[in-house]
Amino acid sequence: MEHRHRAGNSHQTNKPFKSRHATKGALREVSKGKINRTSVKQANGLKTVSKTDRRNAAKLLQQKKREDITRISRLFEGRQGAPKIVPVLALCPDSQVGAAIEALYKSLGETMPAHAKEESTILNVERFKQKVQLVPLKRNFLDCLDAFKVADFGILLMSADVEVDQFGINCLLGILNQGLVNVVPVIQNIENTPVKLRTSLRKSLLAFVQQFVPEHEHLFTLDNDTDALSVLRYITSQRPKPMSWRDNHPYMLAENVEFDSTSAELGTLKVTGYARGNPFNANRLVHLQNFGDFQVEKITSADITHGDMEEDANVIDTPKPEEQDDLISENEPDLMDNEQTWPTEEELADADARVRRMRNLDNNDQVTKRVPKGTSSYQAAWIVDEDDADYTDEEDEEDDKMMDDDDEDDVKPASSSFPEDDDEYEDIELEGKDGYKDEFDAEEEARQYEEYLKNRQLEFENHNDFPDEIDTPMHMTARERFARYRGLQSFRTSPWDPYENLPIDYGKIFRFENFVRTKIRVISQAIVGPVKPGRRITIHIKNVPIQAFESYDKTRPFIVFGLLQYEHKMSLLNLQVQRDNAYEGTVKSKDPMVLHMGFRRYNVRPVYSQNTNKGTNHVHKFERFQKLGRSYVATIYGPVVFGKTPVMLYKETDNVNEPILVSSGTFMDVDVKRIIAKRIILSGHPYKIHKRSAVIRFMFFNVEDIYWFKPVQLTSKYGRIGHISESLGTHGYMKCIFDGTLTQQDTIMMCLYKRVFPKWNTELYRGGLDKTVQESSVAKSMDMDTE
């Protein structure tokens with residue numbers, strides 16, 4: 001009978017080659033528009049999911065998506081539906097916002113209101129059964145950012161005659177970093193361009209737009225009614241892009257603002273507009289730009305009747321005293337809650353005795369060493385003790401293992417290496433530090449040290465591998481200068497208590513036991529509320545300063561954001577940021593910056609650290625400067641934030657419309673246990689080298705400092721590891737033992753670490769309170785040229 005081999009379960013089956021889908025472009029075309037659905041898994045992960053369960057899960061997911069689409073579409077439909085907020089931004093100095101709004105009104109056969117070029121108006125598009133709220137923007141940087149925070153779409157006006165100036169690029173970068181909405185790029189003044197050049201002009205402007213919005217493939221114009229109607233059709237037919245950080249909060253673009261005084265400086269601010277995002281809650285606080293957080297007195301309806309008249313106001317929601325959030329943002333630290341322990345007399349006596357033993361100051365102790373006969377005391381000092389032989393090479397370890405395997409019975413104890421009855425060895429008394437004579441006087445020592453510093457300065461200019469390297473001061477002891485520093489055997493694994501020696505500012509902040517669980521609970525509770533999104537309401541905000549009402553201008557967007565629970569409390573914020581490629585200046589820790597975090601703006605001085613997750617002790621290295629291409633964590637004191645909120649750090653200039661973007665990123669967490677360790681490196685130079693022993697100088701300048709820092713591990717720039725053995729002389733020379741032979745050009749380093757904290761200097765940013773709009777420098781130069 002003929003035997004035939006049958007393939008088993010482990011048989012390899014190669015994937016057949018398909019030439020039709022060989023390229024990435026072809027695969028991308030096939031999968032265009034496809035969304036990969038996450039597989040359905042059982043709770044225990046052991047059972048195989050049946051086909052019926054998978055089909056049911058896909059059906060539920062499809063039903064959920066349809067419900068979301070229906071809910072978003074209903075928000076803008078009907079007479080009582082909310083209008084889509086569409087700001088109109090001029091990217092070029094000669095772009096005409098008023099002409100663009102007039103073209104949109106003209107395409108529907110309506111007459112544009114007289115104030116539509118300056119103030120926000122609602123355009124009722126009966127043809128598409130929706131409303132569009134057009135918000136004309138002047139060339140004001142803060143107004144542009146605020147308007148696009150609440151926008152559903154944005155019209156970007158570009159000119160065929162003048163290029164986009166620096167103000168337009170700054171606005172695009174700010175809008176892109178805070179969360180880009182659906183934009184409609186529009187070209188103006190194209191009739192001034194010759195017909196032959198219009199195609200190339202469109203390609204050039206489209207390439208510019210695709211740098212910021214890569215998915216856009218079409219540019220619009222407003223030259224005639226048909227083109228303007230295409231813009232309205234695009235806005236009304238598309239759904240707004242979701243922005244998670246914004247949609248988790250309730251927000252409103254004000255249509256009308258009134259003020260009822262309750263005192264000379266305070267009163268109730270009544271803000272009327274369409275509620276958007278999550279439902280407003282009277283128990284939560286609201287945030288006003290440049291003025292801070294306030295409590296809500298009540299929320300009333302402001303529905304519009306068929307005659308464009310407001311109905312009688314009905315109270316929708318009022319706060320409950322036991323559930324309403326308070327305005328307390330800081331804790332009151334208890335000064336008596338600090339550690340009040342003090343060492344006892346026995347502990348102090350033990351510490352003094354330990355120091356005397358380390359320095360060998362007891363006259364009764366005789367330091368002897370067993371060495372071959374004929375060895376001098378100077379030569380005996382270079383012989384490595386068994387206690388100092390902690391560092392061995394890998395080859396030696398392998399050789400020892402091989403010897404152990406060959407003859408385990410011949411292994412002798414360490415004490416038998418020098419037999420007591422051997423006549424070839426003797427015990428001699430070593431020279432102490434008093435017996436070591438200084439080879440140079442003070443003047444010669446100072447001259448060599450100055451020459452050493454000059455050579456180091458040349459090395460610093462050519463190499464930036466060790467930016468933390470500093471020189472030990474000569475006018476004061478190192479143990480006093482670096483009293484707050486400590487040594488770590490391993491930066492990633494050595495233990496460090498996060499609650500040790502905390503500043504008084506840590507007593508003011510709030511800490512979460514489980515921040516992720518709290519975030520999920522707070523966001524899920526914010527979804528439910530009596531004030532439904534899309535309804536026109538009036539929010540009565542109490543105890544608002546009169547300056548907030550005086551700053552209101554109908555020609556500028558006025559925005560009210562609702563806070564989630566606990567978002568008024570101060571805590572330690574960690575922001576993941578990356579330096580902007582276009583910024584050429586130096587970014588230093590604790591430099592003053594303007595922080596744009598979601599809908600808030602603050603003056604801060606952040607502390608930067610490395611963005612690493614390698615260590616088990618939660619210690620991260622402090623960074624003095626930000627470098628290009630690296631991710632950093634900026635730490636500040638600030639109000640609590642939930643969700644991946646975008647952040648931007650700007651540097652102020654003389655013109656409030658031309659701030660410089662320094663860094664951008666997202667909010668990370670509020671972890672107060674995150675330790676930021678500042679590293680300094682004390683360096684020394686090998687003076688004499690004998691195998692694995694060496695005499696090091698220029699790291700310390702007195703005996704007390706050497707024995708103070710004796711437990712700290714030493715390293716070298718060429719990878720050697722060692723420790724201090726003893727002090728030699730009185731000028732700071734010390735004998736050190738390493739795990740390998742040193743070279744004369746090597747540098748000995750001692751790494752010390754200190755925990756750093758941010759300063760309590762976070763203040764609310766109050767820029768842009770005046771009603772005047774400063775023009776950009778390009779616009780000013782154009783006006784001067786026309787004159």
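Taking the six-membered ring where tryptophan is involved, the planes of Phe549 and Tyr552 are essentially parallel, since the angle between them stays under 30° and well short of 60°. A parallel orientation is assigned to the rings of Phe561 and Trp245, their planes being inclined by less than 30° (bins at 30° and 60°).
Atom CG of Leu253 is separated from atom CD1 of Ile559 by 6.5 Å, given to the nearest 0.5 angstrom. We find the CD-CZ distance between Gln547 and Phe291 to be 6.5 Å, quoted to the nearest 0.5 Å. Phe294 CZ to Asn543 CG: the interatomic distance, rounded to the nearest 0.5 Å, is 8.5 Å.
A pairwise comparison of heavy atoms in Ser551 and Ala548 identifies OG-O, 2.8 Å as the closest pair. Across all their heavy atoms, Asp225 and Ser107 have their closest contact at O-CB, 3.6 Å. Scanning both residues, Leu137 and Pro87, for their nearest heavy atoms gives CD1-CB, 3.8 Å. Closest heavy-atom contact between Phe212 and Leu180: O-CD2, 4.1 Å.
When Leu104, Val184, Asn182, Val125 are each tested for a side-chain contact (heavy atoms from CB on, under 4.5 Å) with Ile235, only one passes: Val184. Of the candidates Gln238, Lys241, Arg276, Arg276 is the only one forming a side chain to side chain donor-acceptor pair (under 3.5 Å) with Asp152. Considering Leu222, Ile155, Leu134 as possible partners of Ile101, the one that fulfils the side-chain contact (heavy atoms from CB on, under 4.5 Å) test is Leu134. The side-chain contact (heavy atoms from CB on, under 4.5 Å) test with Thr268 singles out one residue from Lys298, Glu297, Glu258, and that residue is Glu297.
Using modelled atom types, no side-chain atom of Arg284 and backbone atom of Leu564 make a donor-acceptor pair closer than 3.5 Å. A distance-only check finds no donor-acceptor pair linking the side chain of Lys542 to the backbone of Gln295 [under 3.5 Å]. When atom types are taken as modelled, the side chain of Arg535 and the backbone of Ala275 share no donor-acceptor pair closer than 3.5 angstrom. At distances below 3.5 Å, at least one donor-acceptor pair connects side-chain atoms of Ser301 with backbone N or O atoms of Asn314. With hydrogens and angles ignored, the 3.5 Å screen pairs no side-chain donor or acceptor of Asn278 with any backbone N or O of Pro250. Under the 3.5 Å distance criterion, the side-chain polar atoms of Asp553 are left unmatched by any main-chain donor or acceptor of Arg556. Side chain of Arg600 to backbone of Leu764: no donor-acceptor contact under 3.5 angstrom is found. Judged purely by atom type and a 3.5 angstrom limit, Asp317 uses its side chain to pair as donor or acceptor with the backbone of Ala282. Here the side chain of Arg601 pairs no donor or acceptor atom with the backbone of Asn290 at under 3.5 angstrom. Proximity of a side-chain donor or acceptor of Gln96 to a complementary backbone N or O of Leu157 within less than 3.5 Å is not detected.
The 12-atom threshold is not exceeded at CD of Glu163, counting heavy atoms of other residues, nucleotides or ligands nearer than 6.0 Å. Lys106 NZ: 12 or fewer foreign heavy atoms inside a 6.0 Å radius. Enclosure of atom CD in Gln211 by more than 12 non-hydrogen atoms of other residues, nucleotides or ligands within 6.0 angstrom is indicated.
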Inset, instruction - Given ring pair (Phe, Tyr, Trp, His ring centres under 6.0 Å), test Phe599 with Tyr251 step by step and report yes or no. - result: CA-CA 10 Å; Phe599 50 85; Tyr251 61 93; 9.7 Å; no

Inset, instruction - Evaluate salt bridge (charged side-chain N to carboxylate O under 4.0 Å, His left out) for Lys569 paired with Asp325, printing each intermediate quantity in order. - result: CA-CA 10 Å; Lys569 308 299 182 183; Asp325 293 343; over 6 Å; no

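Proximity of the aromatic rings of Tyr765 and Tyr650 is defined here by a centroid distance below 6.0 angstrom, and this criterion is not met.
Under the 4.0 Å criterion applied to side-chain N and carboxylate O atoms, Lys138 and Asp143 are not assigned as salt-bridge partners.
Residues Phe280 and Ile537 are in side-chain contact: their nearest non-hydrogen atoms beyond the backbone lie under 4.5 Å apart.
Under the 3.5 Å distance criterion, with hydrogens and angles disregarded, no donor-acceptor pair is assigned to the side chains of Glu567 and His287.
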